[in-house]
Protein chains: 2
Amino acid sequence: MHARGSGRQRGREDALSRERIVAAAIELLNRDGEAGLTFPALSRHLATGPGAIYWHVADKGELLTAACEAVVIRTLKAVPAGATPPDTIRALALGMFDAMAASAWIGSALIRAESSLTMVQLIEPLGQQICALGVPKKVRWAALSALLSYILGVGGQNAANQQYTHAHGIGRADYLEKICAAWKQLDAQTHPFARSVAGELRTHDDRADFLAGVNLILQGMSTLRR
Amino acid sequence: MHARGSGRQRGREDALSRERIVAAAIELLNRDGEAGLTFPALSRHLATGPGAIYWHVADKGELLTAACEAVVIRTLKAVPAGATPPDTIRALALGMFDAMAASAWIGSALIRAESSLTMVQLIEPLGQQICALGVPKKVRWAALSALLSYILGVGGQNAANQQYTHAHGIGRADYLEKICAAWKQLDAQTHPFARSVAGELRTHDDRADFLAGVNLILQGMSTLRR
DNA sequence: CCAGATGTTGGAATGTGATTCCAGTCGTGT
DNA sequence: ACACGACTGGAATCACATTCCAACATCTGG
């Protein structure tokens, strides 16, 4: 990457730009998942060569980070403000959940985020609500950290599941059915729990479970209130 | 991969075997992280060619899954049983935390785990304790799911941090210092929270925070008790 | 309007790693 | 000794990420 911040002189209307590249990257990522983002594919999509792309971005990692940041910012901006702290936290969490469900790649990209700057976009609003919730200063970071890890953890797992079903060309229902069957096969003595919940897998609602988890954490936080 | 399950006939003492390959993979992973596991490196390590390795394992993914499973099983076996449910859950969680801290690659490997079988190793004992905790049947899965996602989420983030510091050749302290400095640079109007917790970053204890998060979830679960 | 100077481009060249192929090797049963 | 099948090692393929570089466009000053 070279692009200086200095004098833009040109004005070709078909100009390549960091924005157009990031937009194309997001398109590829949403269509084919993390594996879909390759320089050959990107070059084809933008009708150019890899060299031109490297003029605007340092490497693939930076591209992923930029794409991730764009989506996260767009997502969080859409979350309405003004509700009670718990409701706002739920809205923020669900917003991220939905975004990560729609774009599985965000999960892994956000976690490996080289720039903690994207993460701040999420940390700040969550943190503010935790403060508003009355969580004592001493444990604010721990509380935030728990919430954040939970949100990212769920996102990561959903992403993994989606990637799996996508890669194997099977539907979510078939996937769950397969796991359910495998778990029911387990030994009753050593794996009573897995067997007992196997059935629920087929019908469970990821989003509802996620919300339940957020509520569990909120519930726990409420006991911290001074 | 071809290796049939049928007739082992040979007995060459220098024989390659799935076990030896997985052990070598774990060694490479622990030494150089996820990027350290390559077939050239593995071949060198085992003094053979890639073709021989492919006779025993299907592909890199299977190798990663197998390595992950081996470490997870070893880790969970070391967790003492017999304590109260909350204590056992804490012990299981901390066991995984420590394992993921020592072997950052487990985090990402476990999440992308193609085989839900490895995951069961973790789900089963956690689930049993949740039952013992008296969590109503209706919400057992949700409770487990929350705990699991949290554990994996923290592991994933720690892995990302370690990978970052390792890749950039800087220490954990320098890394935190850098983030702290960046956060203090933020606008006080828009990012009051990030600024206010920035200082804590430098001195916080990941393990303690993790435990606090587990306790938060346990706390929340206790309110579910019928 | 022309000659540099410079930002930009597209594609070729390089290097690395996953995966496949295949021509042996070695031990076993006959 | 012979044939067979499990196993091996390395060469051959392929798909990228990244770097290089020979044009090209546009602007600047004359």
Side-chain angles (χ1 to χ4, degrees), chain A residues 1-22 24-25 28-29 31-67 105 108-109 112 114 163 167, chain B residues 1-22 24-25 28-29 31-67 105 108-109 112 114 163 167:
Chain A
M1 211 248 284
H2 289 108
R4 325 275 167 69
S6 59
R8 304 258 118 197
Q9 55 182 166
R10 211 64 25 62
R12 239 151 120 191
E13 355 63 32
D14 67 325
L16 211 48
S17 70
R18 193 188 162 86
E19 291 71 48
R20 284 213 319 133
I21 295 174
V22 171
L28 286 177
L29 285 165
R31 181 152 58 76
D32 304 321
E34 215 165 340
L37 181 62
T38 70
F39 279 84
L42 206 52
S43 301
R44 233 172 301 131
H45 207 78
L46 292 167
T48 183
I53 297 174
Y54 272 94
W55 178 261
H56 298 278
V57 300
D59 56 24
K60 198 175 167 175
E62 186 185 302
L63 200 48
L64 204 60
T65 302
W105 53 276
S108 33
R112 79 182 86 227
E114 299 268 314
Q163 187 182 358
Chain B
M1 212 247 285
H2 289 107
R4 325 276 167 68
S6 58
R8 309 254 117 194
Q9 56 180 165
R10 211 64 24 61
R12 242 150 118 189
E13 354 64 32
D14 65 326
L16 210 48
S17 72
R18 194 187 162 86
E19 291 71 48
R20 284 213 318 134
I21 294 173
V22 171
L28 286 177
L29 285 164
R31 181 152 58 76
D32 303 323
E34 214 165 339
L37 182 62
T38 71
F39 279 83
L42 207 50
S43 301
R44 234 171 301 130
H45 207 76
L46 293 166
T48 182
I53 298 175
Y54 273 94
W55 177 261
H56 298 277
V57 299
D59 56 24
K60 196 175 168 174
E62 186 186 302
L63 200 48
L64 205 60
T65 302
W105 53 276
S108 32
R112 78 181 88 227
E114 299 267 314
Q163 187 182 358

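All chains are named by letter (A, B, ...) in the order of the sequence lines, taking the proteins before the strands, and each is independently numbered beginning at 1.
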What pairs meet the salt bridge (charged side-chain N to carboxylate O under 4.0 Å, His left out) rule with one or both residues in residues 40-50 of chain A, with sequence neighbours excluded?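 Every candidate salt bridge (charged side-chain N to carboxylate O under 4.0 Å, His left out) pair involving residues 40-50 of chain A fails, so no pair, neighbours aside, qualifies.
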For C:dT9 and A:W55 - does any side-chain N or O of the residue sit under 4.0 Å from the phosphate oxygens OP1/OP2?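 Answer is no, no contact under 4.0 Å.
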Verify the contact: side-chain N or O of B:H56 to OP1 or OP2 of D:dT8, cut-off strictly under 4.0 Å; return yes or no. yes
For the pair made of CG in A:L28 and P in D:dC16, what is the distance, rounded to whole Å?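 After rounding, the gap between these two atoms is 12 Å.
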CG of B:L42 to CD1 of B:I53: how many Å apart, nearest 0.5 Å? 4.0 Å
Write down the atom of A:S43, the atom of A:P50, and the distance for their closest heavy-atom approach.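 What the structure gives for the nearest pair is OG-N, 3.4 Å.
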Please find the pair of heavy atoms, one from A:A66 and one from A:V22, that lie closest to each other, and give the distance.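 Scanning both residues completely, I find the closest heavy atoms to be CB-CG2, 3.9 Å.
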Contact string for nucleotides 11-20 of chain C, one letter per nucleotide 5' to 3', B = base within protein heavy-atom range under 4.0 Å, S = sugar-phosphate only, - = neither, reads BB----SSBB
Hits for salt bridge (charged side-chain N to carboxylate O under 4.0 Å, His left out) against B:E62, two or more places apart or cross-chain, chain-then-number order -> B:R18
